[in-house]
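In this chain, residues are counted from 1 in sequence order. Both counts, for ligands and for their atoms, begin at 1 and track the order of listing. It should be emphasised that the depicted structure is a prediction, and the values quoted were computed from it without experimental measurement.
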Amino acid sequence: MRRAKRILVTGGAGFLGSFLCERLLAEGHEVACVDNFFTGSRQNVAHLIANPSFEIIRHDVTFPLYVEVDEIYNLACPASPIHYQHDPVQTTKTSVHGAINMLGLAKRVGARILQASTSEVYGSPEVHPQPEGYWGRVNPIGPRSCYDEGKRCAETLFFDYWRQHALRIKVARIFNTYGPRMRPDDGRVVSNFIVQALQNQPITIYGTGEQTRSFCYVDDLIDGLVGLMRTPDDVTGPMNLGNPVEFTMRELASLVLELTGSRSDLRFLPLPIDDPTQRQPDIDYAKTVLGWQPRTRLRDGLARTIDYFENVLGSGSKLAAQ
Ligand code: NAD
Ligand code: UDP
Ligand code: UDP
């Protein structure tokens with residue numbers, strides 16, 4: 001077995017962070033979960049609290065943090081458009097000041113550090129699918145820019161600390177990921193469609209619904225993140241992690257309706273500003289370096305996510321609404 005490590009997960013009480021904490025604890029590591037609970041919750045990690053190897057620290061990563069750890073996964077940042085646009089200045093601070101503080105921490109203690117970057121660094125891409133070598137097409141002054149440019153600047157900081165201070169860095173570019181523990185009010189398409197379908201409310205399709213995304217189930221994504229952290233020091237990324245199977249939002253809506261057996265109608269609403277029309281990862285690099293690729297079909301991942309939301313919304317919600 002691998003030597004047990006002390007691992008810091010920032011944003012550990014969020015959707016992805018809570019699954020990551022769970023995985024690292026299951027592997028026998030000590031985990032410190034740092035979160036300011038902006039979009040995450042104690043509920044997401046409630047089942048881990050009894051584990052003596054688990055610790056929660058309420059802290060905002062825009063402030064310095066002094067702890068002793070071997071590895072850092074930097075996930076702290078709201079990920080859904082409605083949440084990251086709620087206080088855009090704080091979003092940029094979280095990405096940029098948060099990266100500086102966590103890099104400073106990694107430098108002081110000699111820890112490996114992984115950044116949860118995003119497909120949003122490609123903006124509304126002209127290259128399809130997007131390989132890591134593509135520099136992107138990002139609006140620097142739009143409503144999504146606080147997130148996109150914050151994450152781009154964080155990547156810059158990671159590579160500057162690597163060049164300037166020889167830090168051991170890993171940068172993952174995560175594409176749309178879904179699963180249990182997404183917030184019902186998160187505003188992302190998978191949670192919206194499932195919650196709407198379970199309540200027989202109209203399914204809100206933005207624009208024509210012909211825009212595409214590729215959806216990765218959370219367990220597959222966590223495999224990729226942990227795999228990337230364990231690569232040799234010369235593997236820095238950036239590395240795309242996501243599912244290359246692409247769907248239109250109309251197709252997603254049909255699948256959710258079929259799996260829930262819902263009677264919801266489709267309601268077409270305006271497309272948000274700067275909403276990318278196509279997004280699909282080129283995952284050749286991850287396949288080659290990690291031997292990784294997603295295994296969960298959308299249909300199966302959605303079924304598990306629907307089960308979760310049925311519980312969260314109350315066991316009677318589906319029937320009661322019918
Ligand atoms: P999430 O909103 O569920 O989790 C983010 C967590 O960070 C939350 O627990 C939140 O409370 C915490 N947080 C926010 N600001 C903070 C701050 N200043 N200090 C400390 N904690 C703070 O989102 P998620 O989907 O779990 O995303 C996790 C990471 O992965 C984010 O960095 C996000 O940008 C990245 N990512 C996610 C996706 C996806 O599809 N889920 C795609 C690309 C990138
Ligand atoms: N930092 C931190 N924890 C540490 C070490 C540093 O939060 O254990 C923060 C510190 O506040 C600093 C930032 O990380 O502002 C960057 O640190 P670095 O050593 O790179 O730069 P400097 O301290 O010279 O600004
Ligand atoms: N979307 C939609 N209906 C919703 C929520 C989102 O049609 O209720 C669309 C959104 O316009 C985008 C896609 O679904 O084209 C994915 O949106 P999400 O916010 O989940 O992720 P992102 O845009 O960051 O990829």
Gly14, any N or O under 3.5 Å of ligand 1 N or O: yes

So between Leu75, Leu225, Asp186, whose heavy atom ends up nearest atom 29 (C) of ligand 1? Leu75

Numbered atoms and elements of ligand 1 in range of Gln90, under 4.0 angstrom, heavy atoms: 18 (N)

Proximal protein residues to ligand 3, non-hydrogen atoms under 4.0 angstrom: Pro81, Glu120, Arg144, Asn176, Gly187, Arg188, Val189, Asn192, Phe193, Thr204, Ile205, Tyr206, Gln211, Arg213, Met249, Pro272, Asp275, Arg279

More than 12 non-hydrogen atoms from neighbouring residues, nucleotides or ligands closer than 6.0 Å to CD on Gln43, yes or no? no

Check whether any N or O atom of Asn74, backbone or side chain, sits under 3.5 Å from an N or O atom of ligand 1, and answer yes or no. no

Considering both backbone and side-chain atoms of Ser119, is one of its nitrogen or oxygen atoms within less than 3.5 Å of a nitrogen or oxygen in ligand 1? no

Could you pull out, from Asp35, Val9, Thr10, the option with a heavy atom nearest to atom 9 (O) of ligand 1? Asp35

Geometry only, no angles: is Gly40 polar-contacting ligand 1 at N/O separations under 3.5 Å? yes

With a 4.5 Å cut-off on side-chain heavy atoms, are Cys216 and Phe175 touching? no

So how far is it from Arg112 CZ to Glu71 CD, rounded to the nearest 0.5 Å? 6.5 Å

Identified side-chain contact (heavy atoms from CB on, under 4.5 Å) partner of Gln196 from the options Leu257, Thr204, Asp265: Thr204

With a 4.0 Å cut-off on heavy atoms, is Asp60 in contact with ligand 1? yes

Do the rings of His59 and Phe63 sit parallel, tilted or perpendicular, given the 30° and 60° boundaries? perpendicular

Below 3.5 angstrom, do we get any N/O pair linking Val34 and ligand 1? no

Atom indices of ligand 1 within 4.0 angstrom of Ala13 heavy atoms, with elements: 9 (O)

Close-contact set for ligand 1 against Ala76 heavy atoms, below 4.0 Å: 7 (O), 20 (C), 21 (N), 22 (C)

Closest protein heavy atom to atom 16 (C) of ligand 1, given as residue, atom name and distance to 0.1 Å: Asn36 OD1, 3.3 Å

Output the list of atoms in ligand 1 that are nearer than 4.0 Å to some heavy atom of Ala79, sorted by atom number. 2 (O), 23 (O), 24 (P), 25 (O), 27 (O), 33 (C)

Quick check: Pro64 and ligand 2, any N/O pair under 3.5 Å apart? no

Mark yes or no for whether Asn101, through its side chain, and Val61, through its backbone, hold a donor-acceptor pair below 3.5 Å. yes

Between Glu149 and Arg152, does at least one N-O distance fall below 4.0 Å, as a salt bridge requires? yes

Counting from 1, what ligand 1 atoms have a heavy atom of Asn176 closer than 4.0 Å? 40 (O)

From Ala154, Ser117, Gly179 - option closest to atom 44 (C) of ligand 1 by heavy atom: Ser117

Please verify whether a non-hydrogen atom of Tyr147 lies at under 4.0 Å from ligand 1. yes

Record the part of His59 in heavy-atom contact with ligand 1 below 4.0 Å; permitted values are side chain, backbone, both and neither. backbone

Is the shortest N/O to N/O distance between Arg188 and ligand 1 below 3.5 Å? yes

Considering distance alone, does some N or O of Thr118 sit under 3.5 Å from an N or O of ligand 1? no

Contacting atoms of ligand 1, where contact means under 4.0 angstrom from a heavy atom of Lys151: 31 (C), 32 (O), 33 (C), 34 (O)

Is the ring pair Tyr178/Tyr217 parallel, tilted or perpendicular, if the boundaries are 30 and 60 degrees? perpendicular

Pairs involving residues 189-217, ordered by first then second residue, that meet salt bridge (charged side-chain N to carboxylate O under 4.0 Å, His left out) (sequence neighbours left out): Glu210-Arg250, Arg213-Asp275

Under 4.0 Å from a heavy atom of Phe37: give me the atoms of ligand 1 that qualify, with their elements. 11 (O)

Purely on distance, is any nitrogen or oxygen of Gly17 under 3.5 Å from one on ligand 1? no

Protein heavy atom at shortest distance from atom 43 (C) of ligand 1: Ile174 O, 3.1 Å

Within a reach of under 6.0 Å around CZ of Arg295, are more than 12 heavy atoms found that belong to other residues, nucleotides or ligands? no

More than 12 foreign heavy atoms under 6.0 Å from CD1 of Ile273: is that the case here? no

Quick check: are there more than 12 heavy atoms from other residues, nucleotides or ligands sitting under 6.0 Å from NE2 of His86? no

Closer than 4.0 angstrom: is that true for some heavy atom of Tyr161 and an atom of ligand 2? yes

Which of the ligand 1 atoms, numbered from 1, are nearer than 4.0 Å to a heavy atom of Gly11: 6 (C), 7 (O), 9 (O), 12 (C)

